[in-house]
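Only one structure is covered here, and it is reproduced in the block below.
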Amino acid sequence: MPTTSEPLRKLGFLTIGLFDEADPGRGHESTLSVIELGERLGFDSAWLRHRHLQYGISSPVAVLAAASQRTSRIQLGTAVIPLGWENPLRLAEDLATVDILSGGRLHPGVSVGPPMRYERVKQALYPDTADAEDFGYERVRRLLAFVRGEPATDFRGTEGIETFSDRVQPHAAGLAGRMWYGGASLRSARWAGEQGMNFLTSSVVKAEESEDFAEIQLSHIRAFRAHHPDGDRARVSQGLVVIPTDSATPEQRAKYEEYARQRLPRTATPQGPARLMFAPDLVGSSAELAERLYAHAAFREIDEVAFALPFTFDHEDYVQILTDMATKLGPALGWQPSAGPGPA
């Protein structure tokens, strides 16, 4: 097996939190249980993905508030909050509140762009301002300013019996340094670096200068760090779909392999007008996965990951996958499980 002089420092996982429309509580409880399991296994972080008007977690910040009361160490992230659905001032209040509740463990990841299927949802989301909304980077700048404690109003003081602050309350010290940007293009990578944010790169990138996924992702990581004040020390987390099978049953292995096989054709060429490139799902023993990851040009540039759990699997599948990740794959990559309070 190939070796590396730089062991994997942080191991995390990402889930979408699917649920049955007729019984949403069960799916949300499963997600919370998975996060609790992740902490027991020593994972450094657990991340939730948004799904609006679908049967996946629509409010990960609320779910992470619950998770913060059922865990004590694991870092809790969003990958990512699409800001087109959000008011930056209100979101800043929610993020700060959950960060306070978690003891400084929140890692919010955000992205920009119009909401998915905007033409169908804009009248419900922005009935009076749909055609005037700006879905660009300015939305992130506003959020960052509020999280950093910059003024949201020109008044601070007392009116009658009410006392008012000129900045978002509560103020969560340190949260600004834990803000992440989820980017799939060179432009986004550069911009995130210039803002001093952390960078999330996933299993989807835009084919701009190449059609080789690993080569594209590597260019994004290097562009981000080239424009970041911290240079090569700037934090990047890679998110690929990685499915270890060490303790899987024959039925589980067959299901995982079929899942990856069905999704493989989309990885061959750029997809759609945006020319999106998808990474192949990685399925196999931890020894096989470690070899494939060490052969991945972008993986060799990072020291933290948030491997994505397949969206459509069952709870017992997630238990098996996470257990193998923590006990087999992580150690094969030089990672050691966390035990005490984790660093921010």
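Only this structure's heavy atoms are used, side chains among them; waters, hydrogens and symmetry mates stay out.
Heavy-atom neighbours of Q123 CD from other residues, nucleotides or ligands within 6.0 Å: above the threshold of 12. Counting heavy atoms of neighbouring residues, nucleotides and ligands inside a 6.0 Å radius, atom CZ of R187 does not exceed 12 of them. By the 6.0 Å contact criterion, CZ on F311 is enclosed, its count of non-hydrogen atoms from other residues, nucleotides or ligands being greater than 12. The environment of CZ in R26 is sparse: at most 12 heavy-atom neighbours from other residues, nucleotides or ligands sit within 6.0 Å.
For the atom pair CG of D246 and CZ of R253, the computed distance is 8.0 Å after rounding to the nearest 0.5 Å. The OG atom of S45 lies 10.5 Å from the CD1 atom of I35; values are rounded to the nearest 0.5 Å. Distance CG/D230 to CG/N198: 9.0 Å, rounded to 0.5 Å. Separating the NZ atom in K328 from the CE atom in M325 is a distance of 15.0 Å, to the nearest 0.5 Å. Note that the CD atom of E29 and the CG atom of D23 stand 11.0 Å from one another [nearest 0.5 Å].
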**Q.** Pair I302-V305, side-chain contact (heavy atoms from CB on, under 4.5 Å): steps then yes or no
**A.** CA-CA 8 Å; I302 54 90; V305 296; 3.6 Å; yes
Q: Output, in order, the C-alpha distance, side-chain angles, deciding distance and verdict of ring pair (Phe, Tyr, Trp, His ring centres under 6.0 Å) for F224 and H220.
A: CA-CA 6 Å; F224 165 73; H220 293 177; over 10 Å; no
Q: Would you sort out whether Q195 and M179 count as a side-chain contact (heavy atoms from CB on, under 4.5 Å), showing the intermediate values?
A: CA-CA 10 Å; Q195 306 309 307; M179 297 293 296; over 6 Å; no
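Aromatic ring orientation, F299 versus Y294: perpendicular (interplanar angle above 60°, classes split at 30° and 60°). Between H52 and W85, the ring-plane angle classifies as parallel under the 30° and 60° cut-offs. The aromatic rings of W180 and H107 are tilted relative to each other, their planes meeting at an angle between 30° and 60°. The aromatic rings of Y55 and F19 lie perpendicular to each other, with more than 60° between the two planes, well past the 30° mark.
In this structure, T249 contributes its side chain and Q252 its backbone to a donor-acceptor pair below 3.5 Å. Side chain of R148 to main chain of A176: no donor-acceptor pair is present (N/O by atom type, distance under 3.5 Å, no hydrogens or angles). For E208 (side chain) and L186 (main-chain N/O), a donor-acceptor pair under 3.5 Å exists by modelled atom type. Between the side chain of T78 and the backbone N or O of V80, no donor-acceptor pair lies under 3.5 Å. Checked by atom type and distance alone, the side chain of R105 pairs as donor or acceptor with a backbone atom of I74 at under 3.5 Å. Between the S188 side chain and the S185 main chain, no donor and acceptor come within less than 3.5 Å of each other. At distances below 3.5 Å, at least one donor-acceptor pair connects side-chain atoms of S286 with backbone N or O atoms of L329.
Classification of E211 and R275 as a salt-bridged pair holds, one side-chain N sitting under 4.0 Å from a carboxylate O. In this structure, E150 does not pair ionically with R167, as no charged nitrogen and carboxylate oxygen lie closer than 4.0 Å. Under the 4.0 Å criterion applied to side-chain N and carboxylate O atoms, R70 and E39 are not assigned as salt-bridge partners. Comment: D303 does not engage R235 in a salt bridge, judged by the lack of any side-chain N to carboxylate O separation of less than 4.0 angstrom. Between D232 and R222, no side-chain nitrogen of the basic residue sits less than 4.0 Å from a carboxylate oxygen of the acidic one, so the salt-bridge criterion is not met. Between K255 and E258 there is no salt bridge, since none of the side-chain N atoms of the basic residue sits less than 4.0 Å from a carboxylate O of the acidic one.
For the pair F13/L322, a side-chain contact is recorded, criterion being any heavy-atom separation below 4.5 Å from C-beta on. In this structure, the side chains of H228 and R233 stay at 4.5 Å or more apart for every pair of heavy atoms. Side-chain contact between V205 and F213 is present, with at least one heavy-atom pair separated by less than 4.5 Å. At least one side-chain heavy atom of Y181 sits under 4.5 Å from a side-chain heavy atom of V112.
Y256 and F313 have their aromatic ring centers within a separation under 6.0 angstrom.
Cluster annotation: L101 is not connected to V63 through the hydrophobic network of ILVMFWY side chains, with a link wherever side-chain heavy atoms come within less than 4.5 Å.
Cluster partners of L89, using a side-chain heavy-atom cutoff of under 4.5 Å among ILVMFWY residues and allowing indirect links, are F146, V168.
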Please report, to 0.1 Å, the donor-acceptor pairs under 3.5 Å made by any side chain of residues 276-285, with sequence neighbours excluded.
from, atom 1, to, atom 2, distance (Å)
D281, OD1, R263, NH2, 3.1
D281, OD2, R263, NE, 2.6
S285, OG, E288, N, 3.2
S285, OG, E288, OE1, 3.4

